[in-house]
Amino acid sequence: MHWLRVYRPNRATHKQVWQLAWPMMLSNITVPLLGLVDTAVMGHLPDPRYLAAIAVGGMLFTVIYWTFGFLRMGTTGLVAQSFGREDGDAIRRYLMQSLLIATALGLLIWLLRQPLIELALQLAGAAPDVLEEARRYAQIRAWGAPAVLCNFVLLGWFVGNQNTRIPLLLLTITNLLNILLNLLLVFGLGMRAEGVALGTVIAEYTSLLLGLWLCRGLLQRTAGQFQWPALLRLADYVALFHVNRYLFVRTLLLLFCFAFFTAQGARMGTDIVAANAVLLNFLVLISNALDGYAHATEALAGRALGRQKRREFYTLILSATLWSLISAGLMTLFFWLAGDLLIHALTGLPEVRETASRYLPWLIALPLLAVWSFLLDGVFIGTTQVKAMQNTMIISVLLVFLPLWWLSQPLGNHGLWLAFSSLFLARGITGGYVYWQLVRHNRWGLPPN
């Protein structure tokens, strides 16, 4: 209790957390909104193969781009700490180094687009006419890879600089432009899946150009200089490579868990996999809300660590914890009261509605089970304790998720949801233990006061 009294957050601290959290919440909401519009556009064409094509082709790029999400997270933590130290040279260096890495990876994806696309289409196992349309869609989408990965860097860089309103502006403008281009190219010019792909690529490069322009304005107000020789010395990339390698492994494991969950649901029948897909939309809402606080924690905890302000560091984490728990409790209450209504809004199929309602209790409990993993990820990213993120994910997957799934197979889909929910809880528990050890032994390196 003494510890809580010492680091109890005040109104100013809560305001800081909210000022960074709410734009990221709104930013996150725009992403699934775009997917819904793409689906609606293709869903109004006379042949269902166009809708199936963007589902197949879009999944490929969702997996690829999510794999490289470490570009945003790694940039945020390093830049936030540099911001706290008022090290304008490092802020510029991490920006340019991360953009170079993102460009190189984006070009590699583009160069390997043919084998990647063919492999994904073979695994999809769709009808020949769907595969041909999906191939045309994917060939165009691949041209946007460098822009997408560079946009990840810019989003992380702005958050690290304690600015989440620019990411909100970028994502809102980009997605609105994408929607307008999709409507124009498909309904105005008579294009099909390739029109949706082209609209997306144009929007991605527009976002990159706008982001670089806004980045230039922010740099003009930040003291420091570009250290161009650092871009050519491999030794100067050590910090980025150190952070990103752990985040990369952690992200691959998370992708594996989602793919495994989907695959096991598919083995149980069409109604089960469809119901699980409906319920995963609830998880999207959960992650959109809780990620907002995680992003705020990344930026603020990294800044406080860079400043070497012990009281500010723990006070901000306590504030983010409080608001995360309040939001998780409200989401649990919302799903409990309106979960069935939401299921009915997402699907009109009676069998899927009934099946989804049967497993709804798992989603009602999930916000309170998952809140700790989201929050601790924010702390670890902001303080670049990313090895801990990797290790807690490895433990949670190998010692909890997979064994629990194996043991609970007789429970069917309830067993699958038990293992999936336990994954989030295990990440929270293992992450909490690591956090306690860091606090207990002051591994942050913070001064006494």
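The chain is numbered in sequence order, starting from 1.
- The CG atom of L189 sits 5.0 Å away from the CG atom of L184 when rounded to the nearest 0.5 Å.
- Side-chain atoms of R310 never come within 3.5 Å of backbone atoms of L305 as a donor-acceptor pair (strictly under, hydrogens ignored).
- Interatomic distance, CG of L177 versus OG1 of T206, reported as 5.0 Å (0.5 Å rounding).
- Of the possible donor and acceptor atoms, none in the side chain of T297 sits under 3.5 Å from a partner among the backbone N and O of G378.
- The side-chain tip of R141 points at the ring of F61 from less than 6.0 angstrom away and within 45° of straight on.
- Side-chain N or O atoms of R92 include one that pairs as donor or acceptor with a backbone N or O of G88 at under 3.5 Å.
- For the atom pair CG of L254 and CE of M393, the computed distance is 4.5 Å after rounding to the nearest 0.5 Å.
- Distance check, rounded to the nearest 0.5 Å: OG1 of T222 to CD of E86 gives 10.5 Å.
- Judged by distance alone, with hydrogens and angles left aside, the side-chain atoms of S421 form no donor-acceptor pair with the main-chain N or O of L418 at under 3.5 Å.
- Looking at heavy atoms from C-beta onward, R250 lies in side-chain contact with D377 at the 4.5 angstrom threshold.
- Of the inter-residue distances, the one linking L180 atom CG with I202 atom CD1 reads 12.0 Å to the nearest 0.5 angstrom.
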Quiz prompt | Criterion salt bridge (Lys or Arg N to Asp or Glu O under 4.0 Å) on E118 and R113, from CA distance to verdict | solution = CA-CA 8 Å; E118 294 306 320; R113 65 191 185 281; over 6 Å; no
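- Under 3.5 Å, the side chains of S98 and T75 contain a donor-acceptor pair of N or O atoms.
- Two residues are said to be in side-chain contact when any heavy atoms from C-beta on lie closer than 4.5 Å; I109 and L149 meet this criterion.
- In terms of modelled atom types and a separation under 3.5 Å, the side chain of N244 and the main chain of L240 share a donor-acceptor contact.
- Side-chain contact between T430 and N391: absent, with no pair of heavy atoms (C-beta onward) separated by less than 4.5 Å.
- Between Y94 and W157, a ring centre-to-centre spacing not shorter than 6.0 Å is recorded.
- Put simply, the side chain of W444 reaches to within 4.5 Å of the side chain of V439, judged on heavy atoms.
- The backbone N or O of G428 sits nowhere less than 3.5 Å from a side-chain atom of S373 that would complete a donor-acceptor pair.
- Looking at K309, Q16, Q81 one by one, the single match for side chain to side chain contact (heavy atoms under 4.5 Å, CB included) with R303 turns out to be Q16.
- Note: W66 and F258 meet the aromatic proximity criterion, with ring centroids under 6.0 Å apart.
- Judged purely by distance below 3.5 Å, without hydrogens or angles, the side chains of Q264 and R267 pair a donor atom with an acceptor atom.
- Under a cut-off of 6.0 angstrom, the local environment of CD in Q220 is crowded, with over 12 non-hydrogen atoms contributed by other residues, nucleotides or ligands.
- Counted within 6.0 Å of CZ on F226, heavy atoms from surrounding residues, nucleotides or ligands total more than 12; the atom is thus considered enclosed.
- By the 4.5 Å heavy-atom criterion applied to side chains, R72 and V153 are not counted as neighbours.
- Between P367 and F335 there is a side-chain heavy-atom pair separated by less than 4.5 Å.
- You'll find the side chain of I173 stays beyond 4.5 Å of the side chain of S207, heavy atoms only.
- No side-chain donor-acceptor contact under 3.5 Å links D291 to the backbone of F374.
- When atom types are taken as modelled, the side chain of N161 and the backbone of N163 share no donor-acceptor pair closer than 3.5 angstrom.
- Of the possible polar contacts, none joining the Q162 side chain to the A80 backbone as a donor-acceptor pair under 3.5 Å is found.
- Atoms CZ and CD, on R245 and Q390 in that order, are 8.0 Å from each other to the nearest 0.5 Å.
- Relative ring orientation between F260 and F256 is described as tilted, the plane-to-plane angle lying within the 30° to 60° band.
- Proximity of the aromatic rings of W405 and F420 is defined here by a centroid distance below 6.0 angstrom, and this criterion is not met.
- The closest donor-acceptor contact from the side chain of D87 to the backbone of A90 lies under 3.5 Å.
- Residues T383 and E298 are not in side-chain contact: their nearest non-hydrogen atoms beyond the backbone lie 4.5 Å or more apart.
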